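Below is one structure, written out as C-alpha coordinates; comments come after it.
We count residues from 1, following the sequence as given. Note that the structure is predicted; figures quoted are calculated from it, not measured.
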Amino acid sequence: MRRRPAWRAPAWFARPAARIAFQRRLAACGQAVRVIPPPRRFRGGFALAVQLRVADVGEQTVSIVFNPAAPDVPHVYTDGPSKSPHRYSDGALCMWYPYDAPEQRWIRKDGPEALLGHVVAHLLREQWWRGTGEWPGQEAPHGT
(Lines give C-alpha, C1' and ligand atoms only; values in the text may rest on other atoms or scores of the structure.)
Protein backbone atom coordinates (compact mmCIF):
# COMPACT_ATOMS: atom_id res chain seq x y z
CA MET A 1 0.00 0.00 0.00
CA ARG A 2 1.37 3.39 -1.01
CA ARG A 3 1.12 6.14 1.53
CA ARG A 4 0.19 9.62 0.57
CA PRO A 5 2.61 12.32 1.65
CA ALA A 6 1.53 14.28 4.70
CA TRP A 7 -0.40 17.44 3.93
CA ARG A 8 1.73 20.53 3.97
CA ALA A 9 0.57 24.13 3.92
CA PRO A 10 1.27 25.90 0.63
CA ALA A 11 4.41 27.99 0.38
CA TRP A 12 4.05 31.63 1.35
CA PHE A 13 4.57 32.64 -2.30
CA ALA A 14 1.59 30.55 -3.45
CA ARG A 15 -0.56 33.58 -2.63
CA PRO A 16 -0.31 36.37 -5.25
CA ALA A 17 -0.68 39.07 -2.60
CA ALA A 18 2.37 37.77 -0.71
CA ARG A 19 4.47 37.67 -3.91
CA ILE A 20 3.43 41.19 -4.87
CA ALA A 21 4.11 42.55 -1.39
CA PHE A 22 7.58 40.97 -1.33
CA GLN A 23 8.38 42.44 -4.75
CA ARG A 24 7.10 45.92 -3.84
CA ARG A 25 9.05 45.99 -0.58
CA LEU A 26 12.23 45.10 -2.49
CA ALA A 27 11.52 47.79 -5.08
CA ALA A 28 11.01 50.32 -2.27
CA CYS A 29 14.74 49.88 -1.51
CA GLY A 30 15.41 51.82 -4.71
CA GLN A 31 16.42 48.90 -6.93
CA ALA A 32 14.72 47.70 -10.11
CA VAL A 33 12.93 44.40 -9.43
CA ARG A 34 11.17 41.99 -11.77
CA VAL A 35 9.66 38.52 -11.49
CA ILE A 36 11.60 35.87 -13.41
CA PRO A 37 11.00 32.16 -13.98
CA PRO A 38 12.74 30.05 -11.34
CA PRO A 39 15.46 27.64 -12.52
CA ARG A 40 14.20 24.18 -13.47
CA ARG A 41 15.46 22.59 -10.27
CA PHE A 42 13.24 25.00 -8.31
CA ARG A 43 10.17 24.38 -10.48
CA GLY A 44 7.05 25.66 -8.78
CA GLY A 45 9.09 28.20 -6.84
CA PHE A 46 9.25 31.97 -6.93
CA ALA A 47 12.13 34.07 -8.27
CA LEU A 48 12.95 37.73 -8.58
CA ALA A 49 15.76 39.58 -10.35
CA VAL A 50 17.07 42.72 -8.68
CA GLN A 51 19.21 45.16 -10.64
CA LEU A 52 21.61 46.04 -7.83
CA ARG A 53 23.66 49.21 -7.92
CA VAL A 54 26.14 49.35 -5.05
CA ALA A 55 29.23 51.56 -4.87
CA ASP A 56 32.50 49.57 -4.93
CA VAL A 57 30.74 46.44 -6.22
CA GLY A 58 29.47 47.53 -9.60
CA GLU A 59 26.08 46.93 -11.14
CA GLN A 60 24.92 43.32 -10.94
CA THR A 61 21.72 41.39 -11.44
CA VAL A 62 20.92 39.41 -8.32
CA SER A 63 18.45 36.54 -8.55
CA ILE A 64 16.58 35.57 -5.39
CA VAL A 65 14.96 32.16 -5.71
CA PHE A 66 12.60 30.40 -3.31
CA ASN A 67 12.18 26.64 -3.58
CA PRO A 68 8.74 25.10 -2.91
CA ALA A 69 10.41 22.34 -0.88
CA ALA A 70 11.99 24.90 1.53
CA PRO A 71 10.04 28.12 0.90
CA ASP A 72 11.66 30.15 3.67
CA VAL A 73 15.24 29.59 2.50
CA PRO A 74 16.32 31.94 -0.30
CA HIS A 75 18.92 30.92 -2.86
CA VAL A 76 20.76 34.01 -4.11
CA TYR A 77 22.77 34.20 -7.34
CA THR A 78 24.53 37.07 -9.09
CA ASP A 79 25.89 37.66 -12.55
CA GLY A 80 28.86 39.57 -11.13
CA PRO A 81 32.33 38.18 -10.34
CA SER A 82 32.07 34.64 -8.99
CA LYS A 83 35.48 34.11 -7.42
CA SER A 84 34.73 33.72 -3.72
CA PRO A 85 35.37 31.31 -0.85
CA HIS A 86 31.72 31.70 0.12
CA ARG A 87 29.74 30.29 -2.80
CA TYR A 88 28.01 26.96 -3.08
CA SER A 89 28.90 24.61 -5.93
CA ASP A 90 25.86 25.84 -7.91
CA GLY A 91 27.07 29.45 -7.59
CA ALA A 92 24.63 30.54 -4.87
CA LEU A 93 25.97 32.96 -2.28
CA CYS A 94 26.83 31.35 1.06
CA MET A 95 25.72 34.25 3.25
CA TRP A 96 25.29 32.39 6.55
CA TYR A 97 25.66 28.95 8.04
CA PRO A 98 22.30 27.17 7.53
CA TYR A 99 22.11 26.10 11.17
CA ASP A 100 22.98 29.49 12.64
CA ALA A 101 20.62 31.01 15.17
CA PRO A 102 17.86 33.13 13.59
CA GLU A 103 19.67 36.30 14.73
CA GLN A 104 22.64 35.40 12.53
CA ARG A 105 20.77 34.61 9.30
CA TRP A 106 17.80 35.89 7.37
CA ILE A 107 14.35 34.66 8.31
CA ARG A 108 11.24 35.63 6.39
CA LYS A 109 9.78 37.80 9.12
CA ASP A 110 12.87 40.05 8.76
CA GLY A 111 11.46 41.09 5.40
CA PRO A 112 12.88 41.49 1.91
CA GLU A 113 14.74 44.69 2.87
CA ALA A 114 16.86 42.77 5.38
CA LEU A 115 17.53 40.03 2.83
CA LEU A 116 18.78 42.64 0.37
CA GLY A 117 21.01 43.99 3.17
CA HIS A 118 22.52 40.51 3.64
CA VAL A 119 23.15 40.27 -0.11
CA VAL A 120 24.85 43.68 -0.31
CA ALA A 121 27.00 42.93 2.76
CA HIS A 122 28.04 39.59 1.26
CA LEU A 123 28.96 41.15 -2.10
CA LEU A 124 31.01 43.84 -0.33
CA ARG A 125 32.83 41.13 1.67
CA GLU A 126 33.56 39.23 -1.54
CA GLN A 127 34.94 42.38 -3.15
CA TRP A 128 37.16 42.99 -0.12
CA TRP A 129 38.37 39.38 -0.20
CA ARG A 130 39.23 39.62 -3.90
CA GLY A 131 41.38 42.67 -3.19
CA THR A 132 43.04 41.63 0.07
CA GLY A 133 42.76 37.85 0.38
CA GLU A 134 41.07 38.15 3.78
CA TRP A 135 37.40 37.67 4.55
CA PRO A 136 35.97 40.49 6.68
CA GLY A 137 33.49 38.97 9.08
CA GLN A 138 32.58 35.67 10.63
CA GLU A 139 33.17 32.45 8.76
CA ALA A 140 31.97 28.90 9.29
CA PRO A 141 33.94 26.03 7.75
CA HIS A 142 32.17 24.45 4.80
CA GLY A 143 32.79 22.59 1.57
CA THR A 144 32.31 24.15 -1.83
Side-chain angles (χ1 to χ4, degrees), residues 5-144:
W7 182 85
R8 192 166 60 176
W12 66 269
F13 51 79
R15 297 179 318 277
R19 289 192 309 269
I20 292 167
F22 194 92
Q23 182 180 0
R24 285 185 175 231
R25 288 177 65 186
L26 267 181
C29 295
Q31 310 298 324
V33 180
R34 70 185 194 287
V35 175
I36 59 173
R40 281 183 63 148
R41 69 188 200 113
F42 298 119
R43 190 175 315 146
F46 174 57
L48 295 166
V50 180
Q51 197 63 39
L52 197 59
R53 293 176 190 89
V54 178
D56 300 324
V57 173
E59 189 170 319
Q60 298 180 34
T61 300
V62 173
S63 300
I64 302 170
V65 182
F66 291 94
N67 180 355
D72 292 330
V73 179
H75 299 264
V76 180
Y77 303 89
T78 180
D79 66 353
S82 61
K83 184 177 178 189
S84 170
H86 292 280
R87 297 275 178 116
Y88 290 105
S89 60
D90 68 350
L93 306 182
C94 178
M95 297 184 286
W96 50 77
Y97 184 62
Y99 302 106
D100 276 343
E103 305 81 46
Q104 296 175 295
R105 59 185 165 84
W106 182 80
I107 55 175
R108 198 161 53 88
K109 76 175 188 171
D110 294 339
E113 305 88 349
L115 177 57
L116 194 58
H118 281 284
V119 171
V120 169
H122 186 88
L123 294 175
L124 287 168
R125 287 184 188 107
E126 284 187 340
Q127 188 68 17
W128 181 267
W129 176 82
R130 285 186 205 101
T132 67
E134 66 180 63
W135 187 265
Q138 293 183 332
E139 293 184 276
H142 57 79
T144 54

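Minimum heavy-atom separation, Gly111 to Arg25: CA-NH2, 3.7 Å. The two residues Pro74 and Ile64 have their closest heavy-atom pair at CB-CG2, 4.2 Å. Of all non-hydrogen atoms in Trp96 and Gln104, the two that sit nearest each other are CB-O, 3.8 Å. Nearest heavy atoms, Val35 versus Gln23: CG2-OE1, 3.3 Å. Across all non-hydrogen atoms, the minimal contact from Gly45 to Pro38 is O-CG, 3.7 Å. Here the shortest heavy-atom pairing between Thr61 and Ala49 reads CG2-CB, 4.0 Å.
Looking at heavy atoms from C-beta onward, Tyr97 lies out of side-chain contact with Gln138 at the 4.5 angstrom threshold. Contact check for Val62 versus Leu116: no side-chain heavy atoms found under the 4.5 Å cut-off. Taking the side chain as every heavy atom from C-beta outward, Leu123 and Leu52 approach each other to under 4.5 Å. Counting only heavy atoms from C-beta outward, the side chains of Leu93 and Tyr77 never approach each other to under 4.5 Å. Residues Val76 and Ser63 have side chains not in contact (no heavy-atom distance under 4.5 Å, counting atoms from C-beta outward).
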Stepwise side chain to side chain contact (heavy atoms under 4.5 Å, CB included) check, Trp135 with Ser84: CA-CA 10 Å; Trp135 187 265; Ser84 170; 4.1 Å; yes

From CA spacing to verdict: side chain to side chain contact (heavy atoms under 4.5 Å, CB included), His86, His122: CA-CA 9 Å; His86 292 280; His122 186 88; 3.6 Å; yes

Trace of the ring pair (Phe, Tyr, Trp, His ring centres under 6.0 Å) decision for Phe66 with Phe22: CA-CA 12 Å; Phe66 291 94; Phe22 194 92; 5.5 Å; yes

Side chain to side chain contact (heavy atoms under 4.5 Å, CB included) between Leu26 and Gln31, worked out: CA-CA 7 Å; Leu26 267 181; Gln31 310 298 324; over 6 Å; no

Audit row: Leu115, Asp110, side chain to side chain contact (heavy atoms under 4.5 Å, CB included) steps and yes/no: CA-CA 8 Å; Leu115 177 57; Asp110 294 339; over 6 Å; no

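Side-chain N or O atoms of Trp12 include none that pairs as donor or acceptor with a backbone N or O of Ala18 at under 3.5 Å. Of the possible polar contacts, one joining the Arg130 side chain to the Pro81 backbone as a donor-acceptor pair under 3.5 Å is found.
Checked for salt-bridge contact, Asp72 and Arg108 meet the test: a charged N lies under 4.0 Å from a carboxylate O. Salt-bridge check for Glu126 with Arg87: passed, with a basic side-chain N closer than 4.0 Å to an acidic carboxylate O.
To the nearest 0.5 angstrom, Thr78 atom OG1 is 3.5 Å from Gln60 atom CD.
If you run ring-ring contact (aromatic ring centres under 6.0 Å, His included) between His75 and each of Tyr88, Phe42, Trp106, Phe46, only Phe42 comes through.
Each salt bridge (Lys or Arg N to Asp or Glu O under 4.0 Å) pair with one or both residues in residues 34-59, not counting sequence neighbours, appears once here: Arg41-Asp90, Arg53-Glu59.
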